[in-house]
Structures are given as C-alpha cells and as structure tokens.
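Remarks on the structure that follows.
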Protein chains: 2
Amino acid sequence: MSPTPEPTPARLRTIPSRLIAGAAVIADRLVSERLATEGARKWHFAVLVALAEAGAASQAELSRRTGIYRSDMVAVLNELSAASYIRREPDPVDRRRNVITLTPVGRRHLERLDTLIADAQRELLAPLTPAQQGQLTDLLIALTDHHGVGHTGQSHAAGGRAR
Amino acid sequence: MSPTPEPTPARLRTIPSRLIAGAAVIADRLVSERLATEGARKWHFAVLVALAEAGAASQAELSRRTGIYRSDMVAVLNELSAASYIRREPDPVDRRRNVITLTPVGRRHLERLDTLIADAQRELLAPLTPAQQGQLTDLLIALTDHHGVGHTGQSHAAGGRAR
DNA sequence: CTACCTTCGTTAGTGCCACTAACGTTCATG
DNA sequence: CATGAACGTTAGTGGCACTAACGAAGGTAG
C-alpha cells in the first residue's frame, strides 16, 4: 500500500538557485570527506594553494586571494601553523602585518591535499562528459565573475570605531 | 604604491567544487535578500511549493519532497503555521502523523514568494544567454540526479534507541 | 608635528544550514 | 504480543558567511 511516495516536485527541481545549492552540498561533502582523511578542511587547502601559487603574503592578502574573511583567517592560520605547515612572523617593514610563509612540510602536505581534491572533482563530475565538464566550468566562471564572487563588504572601512 | 594586489590564483578559480560553492553563495544571497522582504527563508518557499504541487502531506513526506531534514522541518512548520500559511493537524488514519495543509493565505503568500524567486533567478542568470541558462540547468540536473542530491542517511533506522 | 583616516590582526558573536542522536509514540508484522 | 520500523520532536554539533568592535601601526594633510 504505497501512500503515494511523491518525490521532489518538478517546480522545485528546476529552480537554478536550488540546483546550485544542491550541487554545492554534494561537492562540499565529497571534498570534506576526502580532506578529513588528512585532518584538513577546504580553507586549509585554499590558503596553502594561495601561498604556493603567489608566494608569502600578509593575512589580509591571503584573505583577498582566497575569499576567506580576515576574521576567520586567524583560526585557519592558527591550525596550519600548529601543524607547522606555515610560519607566521611579524613583517619587519610594516609592523601591522604578519608574513605568512609556506614551509617545506606544508608544501608536501599540499601535494597530498591536491590529489584528494582532484579525486573529489573527478567523482563530482563523473556523470558528465569531458565536454560537459568544460561547459559547466565555463558557465560557472562567467556567473561568479559577473557577480563579484564573495565579499559583500570585506574591504569596507573598519578603522573608526563606533565612538 | 601597490604591493602587488595579486588576486585569486588561477588554480583556485578553476576548481569546480569551489566554483559551485561560490555560485551557491551568490545564489543564496540573491534569494535570501528578496525573500527577506516578505519575512521568509528559502525553506518556507520549498515547503509551500511542495504543498501546492503535490497536495497535503505528512511532515516526513514533506521532508522527502524538499530535502529538508525531519528535525529542521519542525521549526519551519512552526513558523509557517504561526503565520497561518499552513495548518498542522493530527492524521486521523495514522496517529503518528500530522497532516499539513496549505491555507488560502498560504497560497497567496506563495504567489508573492514566487515572483521574488523568479526575480532572483533572473538576476542570478543575467550574465548568461538563454541558451547557456538552459545548459547550466541541464548540467546541474544531471549532476545532482547522479549523486543522490541530499540525504546522507535521512531514512536510516531510528526506532531502537541506544539502550 | 599632529590630527585623521585607513589597514591590519584579533576577539567575539550571529544566523543559516547540514547533519546526528536520542526519545516516546504509534503502526505494521511475524 | 513482541519486535522493528516510521513519525514528530528536542537537543546539540560543526562549518561557513558575515558583522562589529577594538588596539596598534602606517600614510597623508594640514
């Protein structure tokens, strides 16, 4: 006696924002599962890549490169430096800043994460042909480039406190 | 003197899972902003649509239709019924269940939300041509259909408690 | 030089969402 | 009638996006 199982209504299934949100959940799960085997999260990966690609930088610079908020960056760097993947030293030329440097250990860690991430992408895109995979990537780049990706007001003003 | 602003590394920008996550943030922001003008969130919309499309249902049924967890459904229905958009009555034929019914007020509310959602989709997809919009939707449907969209283990076992 | 504004790192806290665990109740079966 | 499953509900976790505020330091204008 099936009481009409009635799956997701078509009207919901075809709403782009919902499709994207659903895909994001799937992608996140895939990525997080794998990264967890190395005790990492996606932010760790993002920061390490940013360092490997563009070299040492201040925390604010890393924040801009990765899209992670300055405030959240602190904890990520705490974790990364606790594992000796990065070093965090005061910048001698601008004493407001810290210089974040990728250590050799960090670089090797990144290599491991890299293969995990690549695996996840492969599984994520498995249902699509290579041509479709390219299409999807291009479409998403067009979409995220147009709307400014993240950062509502990350680089606002912050100096003058309430008073 | 610009100390080399150095934006997001290409290696990060082209990772599909990151692109999807970015798109999801944008989409969510667009949708949430609009829904907020009616004091609603996306879950409210999903539930109302599910009711309008497939008729009255139990909470577990709605959970399956929308992808919202049974546990989170409770709060959503509390809010919707507080605004008289739905009614929640015990099911006479199966006393474990509640029957959730869309009220006329709820139906009118849904109509308003519908236009807000449509607006958001339009703005979200604005950078793409109509053909590309169709492509993106199709690709995402293929992707989410393949991996089972949500529900890691929503319909697990739950009856026998620990001890 | 001295105000003033900005940037930087940091702490604290909010809200949404995905997800888990447990529990009492009710139903369906063997 | 005992067992197991489904249902509604409460409570709690963890990640992420995002805001607010602050002290310390740098840049610039007057």
Side-chain angles (χ1 to χ4, degrees), chain A residues 1 3 21-22 24-29 31-33 35-36 40-44 46 57-64 66-79 88-100 149-163, chain B residues 1 3 21-22 24-26 28-29 31-32 35-36 40-44 46 57-64 66-79 88-100 149-163:
Chain A
M1 227 356 50
V25 171
I26 292 166
D28 250 48
R29 206 152 47 205
V31 167
S32 300
E33 273 168 14
L35 288 185
R41 282 174 298 128
K42 44 188 221 152
W43 281 354
H44 296 53
S58 70
Q59 302 189 187
E61 241 295 291
L62 282 178
S63 175
R64 277 174 235 119
T66 57
I68 302 172
Y69 274 72
R70 266 171 35 255
S71 38
D72 297 323
M73 184 61 73
V74 179
V76 176
L77 294 181
N78 285 344
E79 291 160 23
R88 188 208 246 130
E89 299 159 315
D91 185 336
V93 332
D94 183 344
R95 302 214 311 280
R96 291 170 303 177
R97 298 184 179 171
N98 289 335
V99 181
I100 311 299
V149 90
H151 307 254
T152 349
Q154 176 128 208
S155 41
H156 258 167
R161 75 168 146 317
R163 166 84 321 234
Chain B
M1 233 357 51
V25 172
I26 292 166
D28 249 49
R29 206 152 47 207
V31 166
S32 301
L35 288 185
R41 282 174 298 129
K42 42 188 223 156
W43 281 354
H44 296 52
S58 70
Q59 302 188 187
E61 242 295 291
L62 282 177
S63 175
R64 276 174 236 120
T66 57
I68 303 172
Y69 273 72
R70 268 172 32 254
S71 40
D72 297 323
M73 183 62 71
V74 179
V76 176
L77 294 181
N78 285 344
E79 290 159 23
R88 188 207 248 131
E89 299 160 315
D91 185 336
V93 332
D94 183 344
R95 301 215 312 280
R96 290 171 301 179
R97 298 182 180 174
N98 290 334
V99 180
I100 310 300
V149 87
H151 308 255
T152 347
Q154 176 128 205
S155 39
H156 257 168
R161 72 170 146 319
R163 171 40 305 276

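Sequence lines set the chain letters: A, B, ... in the order given, protein chains first and strands last, and positions in each chain run from 1.
Close to dC8(C), at under 4.0 Å from its OP1 or OP2, lies a side-chain N or O of R64(A). Under 4.0 angstrom from either OP1 or OP2 of dG15(C) there lies no side-chain N or O belonging to W43(B). Contact between the side-chain N/O atoms of R41(A) and the OP1/OP2 oxygens of dC16(D) is found at a separation under 4.0 Å. At dT9(D), none of the side-chain N or O atoms of N78(B) fall inside 4.0 Å of OP1 or OP2 (strictly under the cut-off).
Here the P atom of nucleotide dC7(D) and the CG atom of D91(B) are 11 Å apart, to the nearest Å. The nearest whole Å value for the distance from the CZ atom in R97(A) to the P atom in dT6(C) is 16 Å. The nearest whole Å value for the distance from the CE atom in M73(B) to the C1' atom in dC7(D) is 13 Å. The distance from atom CG of D94(A) to atom C1' of dG26(D) is 6 Å, rounded to the nearest whole Å.
Put simply, the side chain of R96(B) and the base of dG8(D) share no donor and acceptor less than 3.5 Å apart. In the interface, the side chain of D72(A) is paired with the base of dC18(D) through a donor and an acceptor atom under 3.5 Å apart.
Side-chain proximity of R29(B) to the nucleotides dC18(D), dG9(C), dG15(D) is greatest for dC18(D). The Y69(B) side chain lies nearest to dC19(C) when the options are dT9(D), dG9(C), dC19(C). Considering only the side chain of R70(A), dG9(C) comes nearest among dG9(C), dT9(D), dA18(C). Among dG9(C), dA18(C), dA11(D), the nucleotide with an atom closest to any side-chain atom of V25(A) is dA18(C).
When each of A21(A) and R88(A) is assigned the nucleotide of DNA chain C with its nearest heavy atom, R88(A) is the one assigned upstream, toward the 5' end.
Formation of a donor-acceptor pair under 3.5 Å by the S63(B) side chain with backbone atoms of I68(B) is found in this model.
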